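For reference, the structure is listed below as structure tokens.
What you see is a predicted model; the values in this text were computed from it and never measured. Just so it is clear: chains get the letters A, B, ... in the order the sequence lines come, proteins before strands, and each one is counted from 1.
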Number of protein chains: 2
Amino acid sequence: MPKQKNSYHHGDLRRALIDAGEAELSENGLAAFSLRRVAARVGVSHAAPAHHFGDVSGLIDALAERGFRRLLDSMIAHQEAATDEPYEQLIASGLGYLHFARSHPALFRLIFSDHSGAAPSPEVMATAGAAFMHLATNVAAVHGAAPLAHDGARDEVMACWTRVHGIAELILSGMMDAPDKDDKAANDAMFRSIFEVQFRTS
Amino acid sequence: MPKQKNSYHHGDLRRALIDAGEAELSENGLAAFSLRRVAARVGVSHAAPAHHFGDVSGLIDALAERGFRRLLDSMIAHQEAATDEPYEQLIASGLGYLHFARSHPALFRLIFSDHSGAAPSPEVMATAGAAFMHLATNVAAVHGAAPLAHDGARDEVMACWTRVHGIAELILSGMMDAPDKDDKAANDAMFRSIFEVQFRTS
DNA sequence: TCTTGAACTTGACATCGTCAAGATTGCAAG
DNA sequence: CTTGCAATCTTGACGATGTCAAGTTCAAGA
């Protein structure tokens, strides 16, 4: 199946549009995102995407799903490069989360955009659930337990997620200084020094 | 100075546009934000805002500044309704942050949108600095010290900020369940149970 | 009174998302 | 083999949007 057999019938337009959409997103950001430019980038008419995604939110949804998968992949990759020690793996996962957010800021923001109006598609929620379970497994391993086994386990997972997520968001918004995203050692130190702080009732 | 002396020369158009922009933001969200609708809402021609804000990002910037001020106000208000105990004041500030985020989601997202391209205006950064200092004072009081006095104090403040911010963002994105935003007791319990979790090296 | 500049309007333009209608093609039934 | 059908893609149009240029109105100082 050649990439382009003829002018009509692209062959794998859906995938091509998602690829192009991802590229447009990193180059121009979400605010300047345009369906017509994505179509033009693939070399297809401006109305072609409608048949595969309905309207623009359909493409956005597909991009969100891919983004979530990439986020999970980044966590896994960083974790696999770490020690077997459970806590080190948790830290590594968090650093993978951070690295993805900073490498693909627009995609990251897109994933966590306001889904208050239209609920995210089932595929997106499923991928989000997978990422959540990954974290839950990390956290549980630190306690030497099964994921979500004991009371308050869910709170622990959310405590972890919100911390990592908050750091990522504040860095992206420019409110928080951070070392170059590829300086592993510096980010490791920065992350631990914030992640591990504890507040006490005086 | 009457609100409307005649058709031309509105009198206080800049303020009126910011008011209308804020209303539009809460009603339709950032994605559907339109300069022309804001102008129409005030009863002014579609090109009138340009004279006061340049382009659309000028109005957005003004809205961000107002939003930051409202965020700080919400923190202060909640804190003043709490005990004198420093840690309780810190928690109350966080709950005020959360309450603002959930009461004005679009404005909250706007404040922390991607400023990577154009730097936020000096006014916005100044207001953001005031919010940061408020938190720094809270955190320092827990340790019975002056703001940012000791080594690592900045990390402690950022640890606090990122935690509160992460909770707010994940709730807004729909990734985290939370009690009704006006149920004070339930939110207090939820917030503490996440904020106070500590992770240890196994 | 005259004039000058700020405040606002009007009209135009390119671009955007979406819709309806037409063109093209793969494919399976006959 | 061919013939019709449904999926795929194109074309053209519409209203809405941000921005620019040129014109209009008004207040206030010379």
Could you pull out every donor-acceptor pair under 3.5 Å between side chains of residues 123-133 of chain A and any protein atom, sequence neighbours left out?
residue: A/E123; atom: OE1; partner: A/S121; partner atom: OG; Å: 3.1
residue: A/T127; atom: OG1; partner: A/E123; partner atom: O; Å: 2.7

For residues 48-60 of chain B, dump all side-chain donor-acceptor pairs below 3.5 Å to protein atoms at least two apart in sequence or in another chain.
residue: B/D55; atom: OD1; partner: B/S57; partner atom: OG; Å: 3.0

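Heavy-atom minimum distance, A/A153 versus A/L148: CB-CA, 3.7 Å.
Here the C1' atom of nucleotide C/dA7 and the CZ atom of B/F53 are 14 Å apart, to the nearest Å. For B/D12 and C/dA6, the CG to P distance is 18 Å, given to the nearest whole Å. Following rounding to the nearest Å, B/L17 (CG) and D/dG18 (P) show an atom-to-atom distance of 13 Å.
Between the side chains of B/D182 and B/H99, at least one donor N or O sits under 3.5 Å from an acceptor N or O. Between the side chains of A/N187 and A/R192, no donor-acceptor pair is found at a separation under 3.5 Å.
Residues meeting the ring pair (Phe, Tyr, Trp, His ring centres under 6.0 Å) test with B/F68, sequence neighbours left out: B/F112. Residues meeting the side-chain hydrogen bond (donor to acceptor under 3.5 Å, both in side chains) test with B/R37, sequence neighbours left out: B/E24.
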Requested in this report: Verify salt bridge (Lys or Arg N to Asp or Glu O under 4.0 Å) between B/E22 and B/R70, making sure each step is shown before the conclusion.
Outcome: CA-CA 12 Å; B/E22 195 178 350; B/R70 285 201 195 289; 2.5 Å; yes
Using the 3.5 Å cut-off, write out each protein N or O paired with an N or O of nucleotides 14-17 of chain C and the distance between them.
residue: C/dC16; atom: OP1; partner: A/S34; partner atom: OG; Å: 3.4
residue: C/dC16; atom: OP1; partner: A/R37; partner atom: NH1; Å: 3.3
residue: C/dG17; atom: OP1; partner: A/L35; partner atom: N; Å: 2.6
residue: C/dG17; atom: OP2; partner: A/L35; partner atom: N; Å: 3.1
residue: C/dG17; atom: OP2; partner: A/R36; partner atom: N; Å: 3.0
residue: C/dG17; atom: N7; partner: A/R36; partner atom: NH1; Å: 2.4
residue: C/dG17; atom: O6; partner: A/R36; partner atom: NH1; Å: 2.9

Contact list (N/O, under 3.5 angstrom) for nucleotides 6-8 of chain D vs protein:
residue: D/dT8; atom: OP2; partner: A/H51; partner atom: ND1; Å: 3.4

